[in-house]
Amino acid sequence: MGFPDPARMGAVQLSGKVVVVTGASRGIGAATARALAARGATVVGTGRDATALGAVMDDIAGTAVLGDVRDPGHADEVVRRTLEAHGRLDAVVVNAGIGHTGAFVEMPADRIDELLDVDVRAPVAMARAALPELTRSGEGAMVFVTSIAGVLLVPRESLYSAAKAAMEAFAELLREEVRGTGVHVGTVIPGAVRTEFFTNRGAPYERSFPKPIPPEPVAAGVLKVIEDSVDRVVVPGWLRGPMLLRRLAPRGYRALSRRYG
Ligand SMILES: NC(=O)c1ccc[n+]([C@@H]2O[C@H](COP(=O)([O-])OP(=O)(O)OC[C@H]3O[C@@H](n4cnc5c(N)ncnc54)[C@H](OP(=O)(O)O)[C@@H]3O)[C@@H](O)[C@H]2O)c1
């Protein structure tokens, strides 16, 4: 994306770029929108909450596109409105998402559909809508905000974990598919983050450890994926420890998580 600034060798410059952030009305998306704007990017933010989204976009002189990611055609509309308003699209941060915790068999059928629609179908639709535009210009980035749940696979968050694992797999393979086109695909893998996510999923965060972190470091992770063309950023970084343990000793990891998780 763009020409490297000699002052920052190898880094992509965000200044003057147009970036879509889904779910920019609050939480990680809002923090990411603000961080991108601070770097000089123009942000097109999406969400359903007109007041919250409007407040964030007003602050950063961004463009708000209201809508539900579950609506067929929403992703195409976001891309179309971005090109209409700004004439270009350089990067997309696929962030809008919902969680769910509890026994899978007790999960209502409509909640299953909603989670799969928001956390899997909508990101896939956004990739389909945006990638042709990103590759056409020969430069660009697509970042998926996944979750540590999709890598460690968290009990009682089975469908959410599976959905985020699916997005990790999808991103890795998309990266291979678009290699050489100038488009970089990466993921940001947050641990627990202090947002309305837990209220919105209908169950508070109850673990005493790890303590949720603020959304800003996750936003910094998104910028790192775009600016430094990094494949995966884990926030906070120490979560790479449990990730490695699970990969090297899956049964031992599961036994520990049963005991202490
Ligand atoms: N918080 C955590 O601990 C945590 C940890 C790991 C990963 N994540 C991931 O981080 C991402 C952002 O989560 P967050 O913590 O910032 O949660 P949040 O504060 O609840 O924000 C979620 C965002 O997604 C949007 N959204 C949700 N459903 C939507 C729909 N049907 N249509 C359009 N927009 C929708 C919301 O917009 P409106 O309300 O305006 O509709 C909101 O802007 C998610 O993908 C989540 O899975 C979060």
Side-chain angles (χ1 to χ4, degrees), residues 20-35 43-57 62 64-75 77-78 92-101 110-111 113-126 143-154 157 159-168 170-171 187-207 209-222 225 232-236 239 243:
V20 166
V21 180
T22 72
S25 51
R26 64 191 85 252
I28 293 168
T32 301
R34 292 182 196 282
V43 175
V44 176
T46 78
R48 292 165 301 178
D49 181 336
T51 310
L53 183 64
V56 177
M57 291 302 120
V65 179
L66 279 174
D68 191 318
V69 295
R70 290 172 293 176
D71 287 345
H74 174 73
E77 193 198 336
V78 171
V92 180
V93 182
V94 183
N95 162 77
I98 56 169
H100 185 87
T101 188
D110 56 353
R111 185 65 176 165
D113 288 344
E114 185 185 6
L115 191 142
L116 290 174
D117 282 349
V118 175
D119 290 348
V120 180
R121 202 185 299 274
V124 168
M126 183 51 81
V143 187
F144 294 90
V145 179
T146 63
S147 171
I148 195 64
V151 188
L152 295 181
L153 307 181
V154 176
E157 296 187 26
L159 192 63
Y160 176 67
S161 298
K164 292 297 188 176
M167 296 323 298
E168 276 293 319
F170 183 61
T187 65
V188 173
I189 304 174
V193 187
R194 212 178 304 126
T195 67
E196 292 168 53
F197 176 82
F198 300 102
T199 317
N200 292 337
R201 79 174 181 181
Y205 182 78
E206 281 176 332
R207 290 168 195 264
F209 178 83
K211 289 261 177 270
I213 61 167
E216 285 74 19
V218 184
V222 173
V225 170
R232 302 209 305 179
V233 174
V234 183
V235 191
L239 284 170
M243 283 169 64

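One-based numbering, in listed order, for ligands and for the atoms of each.
- The salt bridge (charged side-chain N to carboxylate O under 4.0 Å, His left out) check on Asp71 picks up nothing, with sequence neighbours excluded.
- For the pair Thr195 (side chain) and Phe197 (backbone), a donor-acceptor distance under 3.5 Å is present.
- In this structure Arg194 satisfies the salt bridge (charged side-chain N to carboxylate O under 4.0 Å, His left out) test with no other residue, sequence neighbours excluded.
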- Can Val154 and Lys164 be said to form a side chain to side chain contact (heavy atoms under 4.5 Å, CB included), step by step? CA-CA 11 Å; Val154 176; Lys164 292 297 188 176; over 6 Å; no
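- The two residues Asp119 and Tyr160 have their closest heavy-atom pair at OD2-CD1, 3.5 Å.
- Every residue was checked against the salt bridge (charged side-chain N to carboxylate O under 4.0 Å, His left out) condition with Asp113, not counting sequence neighbours, and none meets it.
- At a heavy-atom cutoff of 4.0 Å, ligand 1 is surrounded by Gly23, Ala24, Ser25, Arg26, Gly27, Ile28, Gly47, Arg48, Asp49, Gly67, Asp68, Val69, Arg70, Asn95, Ala96, Gly97, Ile98, Val118, Val145, Thr146, Ser147, Tyr160, Lys164, Pro190, Gly191, Ala192, Val193, Thr195, Glu196, Phe197, Phe198, Asn200.
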